[in-house]
J.: 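Structure in structure tokens, see below.
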Amino acid sequence: MTEYSNRSQYPQARADGSLDIDLTSGKYLKLWQGPNHPGITGNMSVELTVCGDEVVEGKTHVGYLHRGFEKLMERRTFIQCFPIVCRICVPEPDFNEYCYAAAVEELAGIEVPEKADWIRTLILEMGRINSYLMYLGGQAGAFGLGVIGQWTTYARDLMLDRFEELTGARIYHMFIMPGGVRDDLPEGFDQRMEETLQEIESTLQDVYDTMFRNAVFKKRAVGLGYVDPAWVDEYGITGPVARGAGVAKDVRRDQPYLVYDRLDFEPVIATESDTYARADVRRRDLLMSVDLIRQILARMPRQGEVMATLPNVLHWKIPRGETYVRGECSRGEYGYYLVTDGSGYPRRVNVRGPSYTHAMTLLEKLIVNVNISNVAGLMVSLHTYPPEIER
Amino acid sequence: METLYARLKEPFGLTDWVLQKPDLCFVTVAREQLRPLLLHLRDLEGFTHLVLLTAVDWIEEDRFQLTYLLHDRAKARDIGVRLMLPREDASMDSIHELWPTAATYQRELREMFGIDFPGSPRVNEDFILEGWADLPPYRRDFDTLQYAHEAYAERAGRETRDPARHMKEQLYPDGGQDD
Amino acid sequence: MSVRDLLSPFTAWKNLFREPVSIKDPFNRPASERYRGFHKNDSEKCIGCGTCEAICQNGAIDMLPADGVATQPGDSGLRPRIDYGRCCWCALCVDVCMTGSLTMSNEYKWVEADPDKFRFMPGVDKKHWDDYEDGYRRPDGHRLNAPERIDMPELAPAQRIDSFVEMVTGYTVEQAQLEADRCVTCGICVATCPTHMAIPDYIRAIRDGDYERGLKLLYDSNPFSQICGKVCTRRCETTCAASHEGDPIAIRWLKRHITEQVPHERYREIIGAPGPATGRKIAIVGAGPAGMTAAFDLARAGHQVTVYESESHAGGMTRYGIPEYRLPSDTIQREIDLIVSMGVEMHYNTRVGTDISMQQLQQDNDAVILAIGLWMGRSTRIPGSDHANVFKAVDLLRRIRDGEAIEAPKSLVVIGGGNVAMDIARSMARLQKQQHGEIAVTLTALEDKAHFLADPVEIKESIEEQIHILDSRGPQECVIGDQGGLVGLRTWKVLSIFDEQHRFAPSYDENDEQLHKGEWVIEAIGQMSDVSLLGEELTEQLEWNRGRLQVDDDGRTSESWLWAAGDCVKGPDVVTAVATGHKVAASIEAVFAQQEAQT
């Protein structure tokens, strides 16, 4: 296990297993990391109890960005929900659009044109690249390597340009809608995408040289936040955190959706299961996405519709039913549980984001015995986006 | 999926089976059978991953539906286990010993729906809301629009007209017949 | 940890010599072609239907009157004002826009110190991006509101051509729901309907499956709903928001659907019984739509209403002018029975002027309504038009509907391009098919195809029924053969119909002459009222306007006891007659109320 384990003899466990933390004893200090802190991933905070510079207990606090999406959707018609779902997760909004659209289509019995499936896959992979680029900058930054973030922001910006010309927006694309996608690829898109991919590959080589082959980064990331493969099911771990622990969990392969069954890829895994391993899984996964985008553009049909015929969306009702639709986002399993009751509004929508399990129970488990200075690095290594916890 | 249901139907008293798609089905189970069923699914049928635990408020039927969604990765399939609870003083047995992550879900359900899970770690601690005194907000009888009207001021100067009514005022204000 | 791990990071130094990647002038970076920036609205094209407001999930859009935009049929005069404090740039408003007037520019940077500036009416409040080329517009084929109409099932031409069986069979519930679903409930059509039926509301009732509510809404404004559901001229559909980029909602067929879904014996209960008797008496001359609508309203108000009708049945032109295949007699009868059941006294086969005088009616009643319609066909007065085998369309249609056995000629020519011309052509074609097995009907119209007065559906169906339609032909002579029989109609090609002052003055190309063979010629070029029943004295007293009775805005003539309604003052069509019927009833009510107040 990690080099930090069992370093402190405090606190002692009580007979019932809970920790005997007496804040008046002078041995402990309460420390809040967040909600305003550069070492925190977005709008959340961790309430740390430290003994010396070592964390003995950590509690995740969320609620700084609760917008009540699930409830808001119950008041909106099925089409009116489409523009708001992307806002649940800023860095990787497209999964919300896809999962919501797919769930609605399934319950309404709408057949999506094949070409739309290809474009959806393309968008999800573009989003994955963006999310990973953001992550790499954050992970490096958490260990003091600020320049990496500048580089990946540049690369991400290039991809945002592609998003802008394809979807008409940079961050909240609002492009995958129930029925298909809004529009076809713009003219000359393939060429510009290829240039962007090459630039990203080149940036990633620099990132590899300066971050992954960097003594400082290795010193701090290796061994930090070890995840036992046995915890994967217990803690609902998915995505790169599971794959970093050697569990080849990847919805794209396990339950292929969209056109993933027509693309060639193997889930990227590592076995060391620490912060370094997870970073490396994500780096290689990013490169795989680059490859997948090339495959998509090479194989996708260029003729045909991109949008199914919808009924008049103003009066669109969906029969009673329930379903769950999942996809593999950059952080793990993203899913929408949609319940309909025959009215024009969703009865209930539950958004299952991977951060929900990773940033709560798992983080609270991993954070014990970690040095304060490594809390940020550990948190980033779980790649959590708090808005999808509280929604 | 069908064979799974056929096998489990009798022993666990399952009802309302729906095969939503080839790899996803839903069943309803009685409260006392929930724990044995989840244990059976987890330990003997390969449904090791608790995907989510959430609730649906069927206020017209005066009950909550709890949905435990389990995933079997080896066979790439999911089962959604529904459990119906009376809405009043809703309380359910915790499953945090089965999956530690369930504690988070249960804490959220406690806060958002007011469904209690006695014994679940930190179940009564504020999760997302802080100092919330109103109805649990995800209940259907909590009116978000009304809450917004009460809690926030509308921007001044907003007004709108209904096209048909406006045309009547302009073209045939007496409501009489057309010329 | 190796030496490599210590040295490798230094490769970052290579970037020292690299050009900076940041954009040097970020203020002048144009957004992409389909960027969703500030809105543009083509105010000329916009009809103010408010569908953008309806779909906006943020409540960012208000519909408000705009300077320089007038409220007129088909345009509410409202324009969307967008609050950019709420807009989320999702462009659902652009996607759903019924006319395609609303689009977006690719402008995304605009700085103002006053936040209220970010609330404006695109296209009305001028902005510098109004003429930008780029920006989001709804992609081709991307529609959120089912632009295509659900086809009305009807008999195929071969099935219907030899009979007068109703050709339209009516929507099924599923079809009607789908068609009702297409309506965006903007309500722009309501102003166009002469009797202002609650169109979006009764269509909503279909969506809800609440047909009794729908029927109540229909009869609140139109006691001829069953008839209008079949033969209304449906001007509402010409202003339907859906007609701009798709088919208009089949409003007429949806109305028909409601009337078909409610059992007839339920009608009276849903519509409600008349009020308590008032002791006032009203006489109505003519049992057509206008007269019977007024009778319906006045009887329901508790007045004692007597209707005088010269024919043996009520219904007026709906019964004697519209062919059975469009409007079956039992539909008319049901409608009339319902009105009569409100306590209306009917006198059939009673011709006012002969059987009872206007003076008598005036003496016996508190008010009299003239609803005498247009029963006299106009003549072309071309040479030969006084021949025995030259007929007026209205006369023939009446005889056919009256059950008279008419021997159809082997060939005939119809003059006229309106709905009456189509009705007589198609009726005669059916008789020819029945009697001779062959159809030989030629229809000549002054107008060219693009300006035909008839309903396009009528023209399409006429062609399906092998009516030979010729446009731009001006009738010159009904040609009489050596034996004294009719040979046909001689026409010239029409060059223009109106002169520069828009007066009727057709000009012809005399070199383009044709003879259309026909044993009969039928004139269907318009009708007028037979006002002989008024008698000389009354005719003298009344004021006239170009041969029509002069009435005020309320339908009252220059004689204070006499009102007039229907085709004889306005129209001609059923729903206008209904509207004027309501109007005179309301006017009479108002006069009564005034009299009450004075006593």
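Reminder, nothing fancy here: chain letters follow the sequence lines and each chain counts from 1.
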J.: Among Val51(B), Thr67(B), Asp57(B), Asp143(B), which residue forms the greatest number of heavy-atom pairs with chain A at distances under 4.5 Å?
T.: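 Answer, by heavy-atom pair count under 4.5 Å with chain A: Val51(B).
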J.: For the CG atom on Asp141(B), are there more than 12 heavy atoms of other groups (residues, nucleotides or ligands in this structure) within a distance under 6.0 Å?
T.: yes
J.: For Glu390(A), is it the side chain, the backbone, both or neither that has a heavy atom under 4.5 Å from a heavy atom of chain B?
T.: both
J.: Hey, are the side chains of Val339(A) and Trp58(B) touching, using non-hydrogen atoms and a 4.5 Å cut-off?
T.: yes
J.: Starting from the C-alpha separation in whole Å, work towards a yes-or-no answer on side chain to side chain contact (heavy atoms under 4.5 Å, CB included) for Lys59(A) and Glu125(B).
T.: CA-CA 11 Å; Lys59(A) 286 181 178 176; Glu125(B) 278 182 35; 3.8 Å; yes
J.: Heavy-atom pairs under 4.5 Å with chain A - which of Leu98(B), Val18(B), Asp23(B), Asp126(B) has more of them than the others?
T.: Asp23(B)
J.: What part of Ala242(A) is in contact with chain B, defined as an atom under 4.5 angstrom from a non-hydrogen atom: side chain, backbone, both or neither?
T.: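 Neither part.
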J.: Most heavy-atom pairs under 4.5 angstrom with chain A, which of Gln65(B), Glu130(B), His71(B)?
T.: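 That would be His71(B).
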J.: Taking the six-membered ring for Trp, are Tyr138(B) and His66(A) parallel (under 30°), tilted (30 to 60°) or perpendicular (over 60°)?
T.: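 The arrangement is tilted - the two ring planes meet at 30° to 60°.
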J.: Which value, rounded to the nearest 0.5 Å, describes the distance between Ile128(B) atom CD1 and Tyr64(A) atom OH?
T.: 12.0 Å
J.: Determine whether Gln255(A) and Arg77(B) make a side-chain contact, defined as any pair of heavy atoms from C-beta on separated by less than 4.5 Å.
T.: no
J.: Are the side chains of Thr238(A) and His49(B) in contact, using a 4.5 Å heavy-atom criterion?
T.: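 In contact.
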J.: Looking at Thr60(A) and Arg122(B), what are the two nearest heavy atoms and their distance?
T.: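 Closest approach of Thr60(A) to Arg122(B), heavy atoms only: O-NH2, 4.3 Å.
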J.: May I ask you to decide if Thr323(A)'s main-chain N or O and Lys21(B)'s side chain share a donor-acceptor pair within less than 3.5 Å?
T.: no
J.: I'd like to know whether CZ of Arg165(B) has more than 12 heavy-atom contacts from other residues, nucleotides or ligands below 6.0 angstrom.
T.: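 At most 12 heavy atoms, drawn from other residues, nucleotides or ligands, come within 6.0 Å of this atom.
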J.: Are Arg348(A) and Thr54(B) linked by a side-chain donor-acceptor pair shorter than 3.5 Å?
T.: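 Yes - a donor-acceptor pair under 3.5 Å links their side chains.
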J.: Could you check whether any side-chain heavy atom of Thr357(A) comes within less than 4.5 Å of a side-chain heavy atom of Tyr105(B), counting everything from C-beta outward?
T.: yes
J.: So Asp233(A) and Arg73(B), salt bridge (charged side-chain N to carboxylate O under 4.0 Å, His left out) or not? Walk me through it.
T.: CA-CA 10 Å; Asp233(A) 279 334; Arg73(B) 185 169 159 253; over 6 Å; no
J.: Donor-acceptor pair, distance only, cut-off 3.5 Å: does the side chain of Arg140(B) make one with the backbone of Arg347(A)?
T.: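 Such a contact is found between Arg140(B) side chain and Arg347(A) backbone.
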J.: Determine whether the side chains of Tyr324(A) and Gln20(B) contain a donor N or O and an acceptor N or O closer than 3.5 Å.
T.: no
J.: Which bit of Val325(A) comes within less than 4.5 Å of chain B, counting heavy atoms only: side chain, backbone, both or neither?
T.: both
J.: Which residue out of Ala102(B), Gly80(B), Ala103(B), Pro137(B) racks up the most heavy-atom pairs below 4.5 Å with chain A?
T.: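 Most heavy-atom pairs under 4.5 Å with chain A: Pro137(B).
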J.: Which bit of Val62(A) is near chain B, if near means a heavy-atom gap under 4.5 Å: side chain, backbone, both or neither?
T.: both
J.: Flag yes if more than 12 heavy atoms outside Glu61(B) fall under 6.0 Å of its CD atom; otherwise flag no.
T.: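 For Glu61(B), atom CD is crowded (more than 12 foreign heavy atoms under 6.0 Å).
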J.: Under 4.5 Å heavy-atom distance to chain B, tell me which part of Lys249(A) shows up: side chain, backbone, both or neither.
T.: both
J.: Find the one option among Val56(B), Thr104(B), Leu24(B) whose heavy-atom pairs under 4.5 Å with chain A are most numerous.
T.: Thr104(B)
J.: Evaluate the criterion salt bridge (charged side-chain N to carboxylate O under 4.0 Å, His left out) for residue pair Glu234(A) and Arg42(B); output intermediate values, then yes/no.
T.: CA-CA 10 Å; Glu234(A) 211 177 323; Arg42(B) 186 188 75 172; over 6 Å; no
J.: For the residue pair Asp254(A) and Ala76(B), what are the closest heavy atoms and their distance?
T.: O-CB, 3.4 Å
J.: Below 4.5 Å from any heavy atom of chain A, which atoms of Leu70(B) appear? Answer side chain, backbone, both or neither.
T.: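 For Leu70(B), there is no contact with chain A at all, as no heavy atom is under 4.5 Å.
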J.: If I measure from the heavy atoms of chain A, does Arg107(B) come under 4.5 Å with its side chain, its backbone, both, or neither?
T.: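 Interface part for Arg107(B): side chain.
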J.: Between the main-chain N or O of Thr144(B) and the side-chain N or O of Lys71(A), is there a donor-acceptor pair closer than 3.5 Å?
T.: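 Looks like no, no N/O pair under 3.5 Å.
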J.: Using heavy-atom distances under 4.5 Å, tell me whether Ala74(B) contacts chain A through its side chain, its backbone, both, or neither.
T.: neither
J.: Could you walk me through whether Met360(A) and Glu108(B) pass the side chain to side chain contact (heavy atoms under 4.5 Å, CB included) check?
T.: CA-CA 12 Å; Met360(A) 300 293 299; Glu108(B) 184 181 0; over 6 Å; no
J.: Using non-hydrogen atoms and a limit below 4.5 Å, what part of residues 101-110 of chain A faces chain B?
T.: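 Checking residues 101-110 of chain A against chain B gives Glu106(A), Leu107(A).
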J.: Is Glu111(A) atom CD crowded by more than 12 heavy atoms from other residues, nucleotides or ligands, each under 6.0 Å away?
T.: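 Incorrect, the count does not exceed 12.
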J.: Within a radius of less than 6.0 Å around NZ of Lys9(B), do more than 12 heavy atoms belonging to other residues, nucleotides or ligands occur?
T.: no
J.: Contact part of Ile389(A) toward chain B, heavy-atom cut-off under 4.5 Å: side chain, backbone, both or neither?
T.: both
